[in-house]
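For reference, the structure discussed in these notes is given below.
Convention: sequence-line order gives letters A, B, ...; per-chain numbering from 1.
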There are 2 protein chains.
Amino acid sequence: MATSITVHDVAKAAGVSASTVSRALSGNTAVAAETRDRVVEAARQLGYRPNLAARGLITGTTHNIGLVVPDLENPYFASITKSVQSRALAAGYSVFIADSDEDIRTELELVHQLSKQVDGLILCSPRMAASDIAAVAGQTMMVLINREWEGLTSVVVDDAEIIRLALEHLHALGHRHIAYVGGPEKSWSNQKRWAAIERIAPTFDDLEVGKVGSYAPNFDGGQSAADVVVASGATAALAYNDLVGLGILARLTTRGIRVPEDLSVMGIDDVNVATLVSPGLTTVRSPLKKVGRSAVNSLVDLMNPTDRHSAPEDLPVQLVVRQSTSVPQQHS
Amino acid sequence: MATSITVHDVAKAAGVSASTVSRALSGNTAVAAETRDRVVEAARQLGYRPNLAARGLITGTTHNIGLVVPDLENPYFASITKSVQSRALAAGYSVFIADSDEDIRTELELVHQLSKQVDGLILCSPRMAASDIAAVAGQTMMVLINREWEGLTSVVVDDAEIIRLALEHLHALGHRHIAYVGGPEKSWSNQKRWAAIERIAPTFDDLEVGKVGSYAPNFDGGQSAADVVVASGATAALAYNDLVGLGILARLTTRGIRVPEDLSVMGIDDVNVATLVSPGLTTVRSPLKKVGRSAVNSLVDLMNPTDRHSAPEDLPVQLVVRQSTSVPQQHS
DNA sequence: TTGTAAGCGTTATCAC
DNA sequence: GTGATAACGCTTACAA
């Protein structure tokens with residue numbers, strides 16, 4: 001907190017006025033080459049760093065963005081956060097992070113706290129009510145991840161394609177009775193995925209997909225669900241996400257139920273940890289790094305309407321077959 | 001970006017002056033109760049939110065802090081980040097997040113970028129040179145996690161105790177030849193852990209601990225190390241952290257080497273994913289949530305020298321025995 | 001108790 | 001090309 005050096009200090013050192021310093025360093029207006037060098041040198045010597053808050057006050061732009069996620073300890077959001085931060089850095093933005101801990105009230109509070117000190121906000125898998133999203137969107141530039149709302153820019157992976165790939169894989173192996181283990185009710189992705197199942201399942205011959213409750217989107221949730229899945233008589237479980245899938249895997253192992261011999265298990269997303277376990281978890285990979293990058297790009301486009309917009313990336317999903325799925329085996 | 005409402009708007013609506021609005025809302029100076037209510041009500045109706053940047057300009061305090069970590073996708077740092085953000089929110093601070101991706105140059109750049117717009121900085125497991133840390137510490141309030149430097153506040157877990165618990169456990173099981181799988185050379189924790197091993201190992205009867213290279217502190221690093229560990233002839237591996245431990249586990253499984261029958265494996269930290277695998281990874285738990293919280297507390301104390309300081313928490317570590325360690329078995 | 005005025009560090013406007 | 005000057009939104013002496 002050592003009193004920092006200002007434009008005036010640099011101005012004095014370089015023998016020019018404050019405005020010239022500003023111009024020389026931000027390079028917007030023409031400055032005599034010789035003067036500029038002198039200013040730059042003085043600034044370097046003094047270790048001058050512009051006060052961004054003060055600059056933002058007048059330019060109306062902070063060069064900060066905010067990212068709100070439900071749970072940083074969920075590797076899915078950790079990956080997205082990492083790529084958001086990385087892309088933001090490259091684009092010259094700093095990132096406020098906010099973890100709502102899956103709580104709607106906290107989420108809303110964080111959004112408000114942040115909205116005044118950023119140029120734009122990225123809401124990742126927001127659980128809040130649509131009306132609240134709309135209200136905030138009126139105040140701040142905003143990009144949504146894993147949720148859509150009229151008029152707002154969204155980055156979403158193709159849930160229908162994910163479901164199609166998963167069902168196709170399991171059906172091809174011979175499974176005819178599958179249990180979908182649902183995530184949070186408020187999760188938009190969860191709703192989309194189940195809707196996709198209801199639409200797509202009938203397109204496969206003789207395929208029945210049942211829904212098993214709603215569980216927390218993490219390892220514990222999967223553990224809770226496992227026994228219900230077994231009782232349902234399904235030969236394969238398709239989990240809301242990888243963490244739930246891993247939870248199911250763990251509980252089945254504990255019970256001595258073999259995967260994939262007795263029951264096949266699939267996750268969704270292919271988060272980093274999906275490869276850590278054995279048997280490895282078959283899953284459908286989402287391009288998380290691309291999702292984060294794309295969200296930042298869209299937000300930057302939104303915030304700088306003059307610039308040439310970057311072309312929207314497409315976000316291909318991809319089946320990743322590991323050892324947790326196989327042909328169902330009739331026993332006894 | 002809709003032009004936001006200012007103190008003046010509220011002032012006009014409430015029929016008072018801007019300064020009265022400021023006083024009424026921040027509550028520092030006395031304001032007539034009746035006036036205050038009128039102002040508060042007007043502010044609420046207009047949805048007024050103070051511009052923190054402008055406030056910071058005059059008060060010299062931004063109520064923002066910055067957190068720099070080596071890798072958000074590493075669950076160890078994800079946990080710390082989550083608890084930092086959570087505690088910061090409670091203390092009235094917003095958090096800038098910066099992921100250096102284990103790169104020293106990026107780390108330094110991020111620190112500089114952030115240092116001007118925060119009241120304080122938390123550097124988590126910084127890899128940068130001590131001289132650079134010192135330089136930044138001269139400019140900004142700072143708390144270190146997992147690193148110590150003269151005069152700076154640090155939050156560190158007791159590496160010596162971690163090592164003692166781990167060696168005690170393995171030695172008690174009967175292991176006499178252990179391989180320590182090292183993390184990044186620049187990692188201060190890694191250095192401390194190895195130093196602790198050299199100091200503590202001799203206190204156990206007939207115990208030999210060898211060091212196996214330096215590996216990336218993640219799953220891939222562990223996979224790379226596994227074969228070298230096997231070749232070393234050790235009956236147990238103590239990994240730099242859980243991720244490395246999991247990597248070793250996975251590679252051993254692939255090679256058909258049984259854990260713990262053929263080789264015992266231990267991790268350090270007990271990150272969330274350590275329980276996902278089977279066999280579960282024996283490890284020494286660090287109180288990550290407490291670490292993050294404690295760092296924020298210390299930083300807040302530093303930034304508000306007037307306030308009563310919170311008592312420093314102690315950070316107990318704890319052995320967590322799972323299935324990846326057992327008595328070594330002589331085969332053939 | 002309240003209003004007026006000054007100023008935080010910057011950049012934008014307008015003269016020169 | 002460069003220097004005064006005003007202004008961004010806010011807080012805080014200082015007056016009233």
Rounded distance in Å - NZ (B:K116) to C1' (C:dG9): 10 Å
Upstream residue (5' side of DNA chain C) when B:R38 and B:L57 are each assigned their closest nucleotide: B:R38
Closest to side chain of B:I58, choosing from C:dT11, C:dC8, C:dT2: C:dC8
Atom-pair distance (CZ on B:R49; P on D:dG9), nearest Å: 18 Å
Length of the CZ-C1' vector between B:R55 and C:dG9, whole Å: 18 Å
B:D37 CG - C:dT1 P separation (whole Å): 14 Å
Protein-nucleotide distance (B:I5, atom CD1; D:dG9, atom C1'), rounded to Å: 13 Å
Touch class at under 4.0 angstrom, heavy-atom based, for A:T6 against every strand present: sugar-phosphate
Gap separating the CG atom of B:L302 from the CG atom of B:D119, nearest 0.5 angstrom: 11.5 Å
Over all atoms of both residues, closest heavy-atom pair of A:I5 and A:G47: CD1-O, 3.7 Å
Sugar-phosphate only, base, or nothing, as touched by B:S19 at under 4.0 Å among non-hydrogen atoms: base
Rounded interatomic separation in angstrom, taking CZ from B:R36 and P from C:dT2: 10 Å
Minimum-distance nucleotide (side-chain atoms of A:V7 versus C:dT10, D:dT2, C:dT1): C:dT10
Sugar-phosphate, base or nothing in reach of B:T35, heavy atoms under 4.0 Å: sugar-phosphate
Plane angle bin for B:H63 and B:Y93 - parallel if under 30°, tilted between 30 and 60°, otherwise perpendicular: tilted
Nearest to side-chain heavy atoms of B:A30, which nucleotide of D:dG3, C:dT1, C:dT10: C:dT1
Interatomic distance, B:K12 NZ vs D:dC10 P [rounded to whole Å]: 14 Å
Nearest to side-chain heavy atoms of A:R23, which nucleotide of D:dG1, C:dT1, C:dC14: C:dC14
Interatomic distance, A:I122 atom CD1 to A:I80 atom CD1 [nearest 0.5 angstrom]: 10.0 Å
Selection from D:dC10, D:dT11, C:dT10 that lies nearest to any side-chain heavy atom of B:T59: D:dT11
Spacing between A:L52 atom CG and C:dC8 atom P, to the nearest angstrom: 19 Å
Distance (rounded to the nearest 0.5 Å) between B:K116 NZ and A:L52 CG: 9.0 Å
